[in-house]
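Here the structure is a predicted model, which is why all the values come from computation and not from measurement. Below, each value reflects all heavy atoms present in this structure, side chains not excepted, and no hydrogens, waters or symmetry copies. In listed order, ligands and their atoms are each counted from 1.
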Amino acid sequence: MPIIKFLYYEKKILKNLIINVKSGQTILDVALSNNISMEHACEKSCACSTCHCIIKKGFNSLSKITEKEEDLLDKAWGLNQFSRLGCQAKIGKENIEVEIPIYTINHSKKY
Ligand code: FES
């Protein structure tokens, strides 16, 4: 059973949480079921990029990125080569570390 370590911000303070997960779950679903606030403005339909996250470890163990996800990622705040959309990236068999950036493109969110 893989482990996911989340690095996330709560009131601008960096926090972390380590969780045992089942392979095949999305990063977003794991975050939400563990009370980590992760944006998901399109309700997981790969249409908004607010669920953008950065994979600090285990990037290659995630499900393959689709062309649609790649295109949408271009709109994400703080994009880098290890960026994924939390609603699309499914956890494989290896441990991963995921940072949820402090900002998203969701302009209605209050920080
Ligand atoms: Fe909108 Fe993931 S929730 S792209």
(message) Less than 4.5 Å apart, side chain to side chain, heavy atoms only: is that true for Ile96 and Pro2?
(response) no

(request) Would you check if Trp77 and Thr104 make a side-chain contact, meaning some heavy-atom pair closer than 4.5 Å? (result)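 No, every pair of side-chain atoms sits at 4.5 Å or beyond.
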
(message) Using a 4.0 Å cut-off to any heavy atom of His40, which atoms of ligand 1 qualify?
(response) 3 (S)

(message) Please check: side-chain N/O of Glu69 versus main-chain N/O of Leu85, any donor-acceptor pairing under 3.5 Å?
(response)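 Flag set: sc Glu69 to bb Leu85 pair under 3.5 Å.
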
(request) Run the salt-bridge test on Glu97 and Lys57 with the 4.0 Å N-O cut-off and return the result as yes or no. (result) yes

Answer with side chain, backbone, both or neither: which part of [X] has a heavy atom less than 4.0 angstrom from an atom of ligand 1?
X     : value
Cys42 : both
Lys44 : backbone
Ala47 : backbone

(message) Within 2.8 Å of atom 2 (Fe) of ligand 1, is there any N, O or S atom belonging to Cys87?
(response) yes

(request) Can you measure from CE (Met38) to CD1 (Ile27) and round to the nearest 0.5 angstrom? (result)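 Taking CE in Met38 and CD1 in Ile27, the distance rounds to 6.5 Å.
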
